[in-house]
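Below is one structure, written out as structure tokens, with a few remarks after it.
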Amino acid sequence: QVQLVESGGGLVQAGGSLRLSCAASGRTFSSYVMGWFRQAPGKEREFVAHIDWSGSYFFYADSVKGRFTISRDNAKNTVYLQMNSLKPEDTAVYYCAAKGGPPTTKRADFGAWGQGTQVTVSS
């Protein structure tokens, strides 16, 4: 099982930016589809973005499209989430996740998860 550790969260004002990182170890990183999910207090964990094995295919939730960018560096075993134009409703714990097979947006399809990093956007 791949091990995932998120970092880069913090407190920013609305309109600001953060870059989240997810470091992977334990298995062949390049063989996994990588995704980002987030969970706000009292809400279910929701899909944010994913990126395929080659880094050529991307998909974003409508709520973040045009503001967030997912990328990966297989040589560094790391996936990133660049978050721009942040809004208070982006406040959540952000989780990195990994899965084999084709990309999906379903939480249950991802078998490996990090512990999360807190993102707080103030108004």
Side-chain angles (χ1 to χ4, degrees):
Q1 181 80 302
V2 64
Q3 295 176 299
L4 306 173
V5 180
E6 303 95 336
S7 62
L11 173 64
V12 297
Q13 290 187 317
S17 298
L18 285 173
R19 190 192 195 198
L20 306 184
S21 298
C22 174
S25 63
R27 305 288 284 187
T28 303
F29 175 74
S30 60
S31 68
Y32 290 93
V33 171
M34 303 299 298
W36 287 96
F37 292 74
R38 66 186 183 185
Q39 187 167 19
K43 297 184 179 295
E44 294 186 353
R45 194 169 300 183
E46 65 178 2
F47 170 79
V48 175
H50 64 54
I51 187 168
D52 82 322
W53 310 270
S54 68
S56 299
Y57 298 94
F58 317 88
F59 188 74
Y60 299 92
D62 288 342
S63 59
V64 306
K65 195 174 299 181
R67 300 187 297 119
F68 291 11
T69 302
I70 188 170
S71 62
R72 67 189 297 165
D73 187 338
N74 290 341
K76 296 181 178 179
N77 292 336
T78 302
V79 63
Y80 305 95
L81 186 68
Q82 178 67 45
M83 306 185 295
N84 298 325
S85 301
L86 283 162
K87 305 174 181 179
E89 52 262 45
D90 294 318
T91 295
V93 177
Y94 283 71
Y95 297 90
C96 180
K99 70 179 296 292
T104 74
T105 63
K106 295 181 177 180
R107 180 179 59 190
D109 291 340
F110 286 77
W113 294 85
Q115 295 301 304
T117 185
Q118 177 71 48
V119 172
T120 303
V121 184
S122 65
S123 59

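A pairwise comparison of heavy atoms in Val33 and Pro102 identifies CG2-C, 4.3 Å as the closest pair. Between Val2 and Ala24, the shortest heavy-atom distance links the atoms CG2-CB, 3.8 Å. Scanning all heavy atoms of the two residues, the minimum distance from Val48 to Phe68 falls at CG1-CD2, 3.8 Å. Residues Ser63 and Arg38 come closest through the heavy atom pair OG-NH2, 3.4 Å. Looking at every heavy atom in both residues, Val119 comes nearest to Gly9 through CG2-CA, 4.2 Å. What you find for Phe47 and Ala61 is that their closest heavy atoms are O-CB, 3.4 Å.
Distance alone, capped at 3.5 Å, is enough to place a donor-acceptor pair between the Asp52 side chain and the Gly55 backbone.
For Lys65, the side chain to side chain donor-acceptor pair (under 3.5 Å) partners at least two apart in sequence or on another chain are Asp62. Evaluation of the side chain to side chain donor-acceptor pair (under 3.5 Å) rule for Thr104 yields Asp109 as partners, not counting sequence neighbours. For Arg67, the salt bridge (charged side-chain N to carboxylate O under 4.0 Å, His left out) partners two or more places apart in sequence, or in a different chain, are Asp90. With sequence neighbours left out, the side chain to side chain donor-acceptor pair (under 3.5 Å) criterion links Ser17 to Asn84. A search for side chain to side chain donor-acceptor pair (under 3.5 Å) contacts involving Ser123 returns nothing, not counting sequence neighbours.
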*side-chain contact (heavy atoms from CB on, under 4.5 Å) assessment of Lys87 paired with Val121*: CA-CA 6 Å; Lys87 305 174 181 179; Val121 184; 5.5 Å; no
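Contacts classified as ring-ring contact (aromatic ring centres under 6.0 Å, His included) and involving residues 82-123 (residues at least two apart or in different chains) are given here: Phe37-Phe110, Phe37-Trp113.
Taken from CG in Leu20 to OG1 in Thr78, the straight-line distance is 12.5 Å, to the nearest 0.5 Å.
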